[in-house]
Structure formats: C-alpha cells, structure tokens
2 protein chains.
Amino acid sequence: MKNGKRAYHHGNLAESLLNAVDDIASQFGLEAVTLRACAKRVGVAPSSAFRHYADKRALLTAFAARALHQLSNTLANARSQAQANDSDAFVAVCMAYIEFALEKPAFFRAMWREETIYTNDEHYVAAAKQLTAHLKGGFAGTISDQDPSSLSPQELLAWSSVHGLANLFVEGPVANGQSLSQKLQVANDMVLAMRPLFAPQHS
Amino acid sequence: MKNGKRAYHHGNLAESLLNAVDDIASQFGLEAVTLRACAKRVGVAPSSAFRHYADKRALLTAFAARALHQLSNTLANARSQAQANDSDAFVAVCMAYIEFALEKPAFFRAMWREETIYTNDEHYVAAAKQLTAHLKGGFAGTISDQDPSSLSPQELLAWSSVHGLANLFVEGPVANGQSLSQKLQVANDMVLAMRPLFAPQHS
DNA sequence: TACCAAATGTGATCGCTGTTCACATACAAT
DNA sequence: ATTGTATGTGAACAGCGATCACATTTGGTA
C-alpha cells in the first residue's frame with residue numbers, strides 16, 4: 001500500500017477507522033478517541049468518516065461489536081486449550097474473561113457502554129448474542145447444563161462474578177496498585193471459591 | 001430562596017452544582033451532564049463553576065464520591081432492617097446493591113468511571129474506602145469473617161457477583177427488555193445460588 | 001472507447017463544549 | 001469606612017461532532 005497509495009480514495013476506510021479506534025483507545029484510552037483523531041491517523045479528512053458511519057456512536061458501536069467477537073474467540077480458545085490439556089476448563093474460561101479485561105481495558109470498557117453505543121444495532125446485537133450463547137451453553141460447555149437456551153442462576157453467577165471482578169479491576173478500587181500477576185492470583189482465588197458450586201464438565 | 005434570592009452571590013454553589021449533576025444525570029443520563037447545563041440549571045454563568053471545581057472531572061469526582069456514600073448507607077440500612085426482621089441479612093445486602101444500581105443507573109455508572117474521575121482525589125478515595133470496609137467486614141457483617149482488614153476470596157466473590165450482575169443489567173444485554181421485578185427475581189435466584197458458600201451470620 | 005451515475009473524499013462552516021482571564025460585585029474583618 | 005478576599009460574569013479561545021455543496025475516482029453500460 002505504500003507505493004500504490006491512492007491520492008484520493010482510500011479503499012478500505014471503514015475498517016481502517018476501526019483500527020484507528022483500536023490504536024488510540026489502546027494507547028490513550030477510550031476518552032481520547034475522537035473522530036478527528038481517527039481521521040488524522042488514517043490520513044483522511046474528518047468529514048470522510050461520515051460516509052461510512054452515521055455518527056461517532058455508530059463507529060463506537062462497530063468497535064464494540066468487534067471487541068465482543070474477540071472476547072468470544074478468546075473464551076473459545078481458552079476452553080479448547082484447557083480441554084486439550086485435561087485441565088479445568090471452567091476455571092480456564094473464567095480466567096480468560098478476566099485476563100481479557102486486564103490486557104485490553106479500553107476494549108472491555110467499550111463493549112459495555114450503553115450510553116455511547118447503539119445497543120440495537122444488528123451487528124452489535126449479533127455479537128452480544130454470540131457471547132451470551134457461549135455462556136448459556138454451560139459456560140462455554142465447561143459445566144453441565146440442562147437448558148442451553150436460557151441462563152441458569154448458576155451460569156449467571158459465573159458470568160456476573162467474572163464480569164464484576166473484571167470491572168472492579170478495570171474501573172474500581174480493587175487491587176489498584178498491584179501487579180498483573182497479583183491480580184490474576186486474586187482472580188484465581190475467587191474463581192476457586194465458587195468452583196464447588198458447579199458440576200464437572202460433561203465430556 | 002425565591003424572594004431572598006441574591007442577585008450576585010449564590011451562597012452554596014458547590015453543592016447546588018452537585019444537585020444539578022444529580023438531576024440532569026437522573027433525567028437525561030450521564031452523557032447529558034454538561035458544565036453549561038449544570039450552570040444554567042442553577043442559574044449561574046458557566047464560568048462560575050470553576051471557582052468551586054478545578055474542572056469538569058473534579059465535579060464528577062465529587063458526585064461519584066457522594067454516590068458511593070449513598071450506596072454505603074443503602075447497604076447499611078438493608079443490613080439493619082434485615083437483622084431487625086430476622087431475615088437473611090446477606091441476601092438483603094446483596095439485593096440492596098443490585099437494587100441501587102437499577103434504581104439509579106446514572107449514579108451507579110458515575111461511581112465507577114475511571115476515565116472521567118480523579119481516582120486519587122482524597123474524598124473519592126475516602127468514600128471508596130468506606131464502601132470497601134463495609135464489604136471487607138464480612139459483607140457488612142452478614143457473614144463470618146476472619147480478617148476484617150482484607151477481602152477474602154469469598155467476600156470478593158460476593159462483591160464481584162452483585163457488582164457484575166448490576167453492570168450486566170445496567171450496561172449489558174442481560175434481561176434487557178424485562179421489568180424491574182423480573183430483574184429482581186433473576187438477581188435473587190443468582191444470590192441464592194451462591195448462598196450455600198457462606199457461613200451464617202455471627203450475631 | 002466514451003460516458004455517466006454512484007460511491008467516496010474534501011473544505012468550509014455551524015453550534016456546542018470545556019476552559020481561561022480580566023473584570024465586577026459582594027462579604028467579612030478591621 | 002476601608003480593604004482584602006471570595007465569589008460571580010462576559011467575552012474569548014481551541015477542539016469537538018456534524019452538515020453540505022463540491023471534487024474526484026470508480027465501475028458498469030452503451
């Protein structure tokens with residue numbers, strides 16, 4: 001793309017803008033994500049963004065959907081790897097959820113911002129459904145599950161607790177000055193504390 | 001204040017601005033909270049706000065601290081009332097946490113916004129410490145606790161799960177279209193699911 | 001090949017935002 | 001009464017999201 005760079009038409013602006021959001025959010029935080037900054041980073045005029053997204057919120061919605069997919073994939077990989085290793089897949093999925101939030105806090109924040117996202121956007125809804133389906137199915141299939149079409153209280157407890165701890169880490173006062181490995185230790189202890197509530201995986 | 005309204009000096013602008021944040025956030029959401037809107041609501045020039053708060057973030061920080069105190073008080077009341085009624089205080093405190101988030105979503109959001117708050121502000125830190133201390137002490141003293149100076153894995157599990165469910169309700173896709181009472185039922189089921197993990201209250 | 005319609009990018013401009021600063025006014029202590 | 005300090009004002013600034021008429025490129029069709 002360096003030599004073949006077109007003077008006028010970018011070619012793939014919609015996705016490039018998403019990448020710009022990604023970069024800026026990772027480096028400077030979500031509040032630093034500005035339409036103008038994204039456009040500048042891509043090398044395009046600010047107004048160009050509106051050819052591909054109705055407004056800033058639509059761009060952030062697309063970014064959130066992308067982040068949700070990443071999280072879904074992360075969880076799926078964690079399960080596969082744990083099952084291949086014969087280790088506790090439930091714990092692995094829980095930890096993967098929390099690790100994702102710690103490693104990509106801006107993504108994690110962006111995913112769950114009702115007020116800066118069009119929560120009815122079809123792609124966003126689809127991404128949220130994909131994640132929910134993962135968790136409905138016995139926490140990614142790591143625990144026994146009678147009804148994969150609904151969230152059982154246990155499944156919801158598992159989701160809520162990892163989601164809540166992730167939030168407390170990222171936004172809140174828990175383990176604030178501590179290192180990543182300390183936080184992971186804290187998380188592991190919490191997950192093990194609830195482990196007895198869940199039947200072993202049915203594989 | 002109508003007749004005695006002073007032409008120039010407001011008298012208690014700092015707190016009035018906090019009330020304005022409160023009103024606007026409750027009515028129109030946190031994103032609608034604007035310095036200019038707050039000033040207009042109080043009947044004062046926009047620049048006046050800067051005599052009392054260094055910047056917008058400082059104002060939001062003060063508001064967050066206030067909201068944290070409200071939550072602490074809500075939890076304390078729930079415990080007292082449950083203990084007076086001889087009902088399960090642990091469950092009552094858990095439910096009070098979630099109810100607070102459902103009834104005042106803008107407050108709940110404002111409390112935990114690392115990026116729009118000065119998390120090192122002394123009042124904010126004090127408020128967060130107060131809440132944490134509540135929960136460290138055996139979840140407001142509703143469950144047995146060996147070491148009130150640290151969060152045990154169980155205590156953290158309880159906090160994380162109610163915090164996480166509150167977030168999933170307020171920001172996320174869980175029980176989205178459902179009524180308040182349905183959500184409370186879902187919450188209650190989740191809390192009961194983890195109840196067996198906790199020793200009875202020591203009173 | 002020549003042409004034209006649709007898609008994509010631009011620059012100027014708008015209203016709103018947070019913030020600053022010189023200035024105006026009120027209060028409190030002497 | 002005077003004076004110093006606290007508090008409120010109005011005009012200004014740059015940066016933001018957004019709009020719109022216009023410029024350029026692309027891709028299909030004749």
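Order of the sequence lines sets the chain letters (A, B, ...), proteins ahead of strands, with each chain counted from 1.
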Contacts table for residues 95-106 of chain B: side-chain donor-acceptor under 3.5 angstrom, sequence neighbours left out:
residue : atom : partner : partner atom : Å
Y97(B)  : OH   : W159(B) : NE1          : 3.0
Y97(B)  : OH   : H163(B) : ND1          : 2.9

With sequence neighbours excluded, tell me which residues meet side chain to side chain contact (heavy atoms under 4.5 Å, CB included) with A128(B). P173(A), L68(B)

I want to know whether F90(A) and F139(A) have ring centres closer than 6.0 Å. yes

Going by heavy atoms closer than 4.0 Å, what residues in residues 15-25 of chain B are next to DNA chain D? none

All ring-ring contact (aromatic ring centres under 6.0 Å, His included) counterparts of F63(B), not counting sequence neighbours: F107(B)

Check side-chain hydrogen bond (donor to acceptor under 3.5 Å, both in side chains) between S149(B) and all other residues, then give those that pass, not counting sequence neighbours. D147(B)

From CZ of R51(A) across to C1' of dA23(D) the rounded distance in Å is 11 Å

Tabulate below the donor-acceptor pairs under 3.5 Å that side-chain atoms of residues 39-53 of chain B make, not counting sequence neighbours, or state none.
residue : atom : partner : partner atom : Å
R41(B)  : NH1  : D23(B)  : OD2          : 3.0
S48(B)  : OG   : A45(B)  : O            : 3.0
Y53(B)  : OH   : A14(B)  : O            : 2.8

Would you tell me if any nitrogen or oxygen in the side chain of H52(B) comes within less than 4.0 Å of OP1 or OP2 on dA6(D)? no

Per the end-axis method with five pairs at each terminus, what is the bend angle of the helix from dT1(C)-dA30(D) to dT30(C)-dA1(D), to 10°? 0°

Between C1' of dT26(D) and CG of L13(A), the distance in whole Å: 16 Å

N12(B) CG to dG8(D) C1', straight-line distance once rounded to whole Å: 15 Å

Mind checking what makes side-chain hydrogen bond (donor to acceptor under 3.5 Å, both in side chains) contact with H69(A), not counting sequence neighbours? Q130(A)

With sequence neighbours excluded, what pairs up with E171(A) under the salt bridge (Lys or Arg N to Asp or Glu O under 4.0 Å) test? R109(A)

Could you list the residues that satisfy salt bridge (Lys or Arg N to Asp or Glu O under 4.0 Å) with D22(B), not counting sequence neighbours? R66(B)

By salt bridge (Lys or Arg N to Asp or Glu O under 4.0 Å), which residues pair with D189(B), not counting sequence neighbours? none

Verify the contact: side-chain N or O of S48(B) to OP1 or OP2 of dT9(D), cut-off strictly under 4.0 Å; return yes or no. yes

Do other residues, nucleotides or ligands put more than 12 heavy atoms under 6.0 Å from Q81(B) CD? no

Can you give one letter per nucleotide of nucleotides 12-18 of chain C, going 5' to 3': B for a protein heavy atom under 4.0 Å from the base, S for sugar-phosphate only, - for none? -----BB

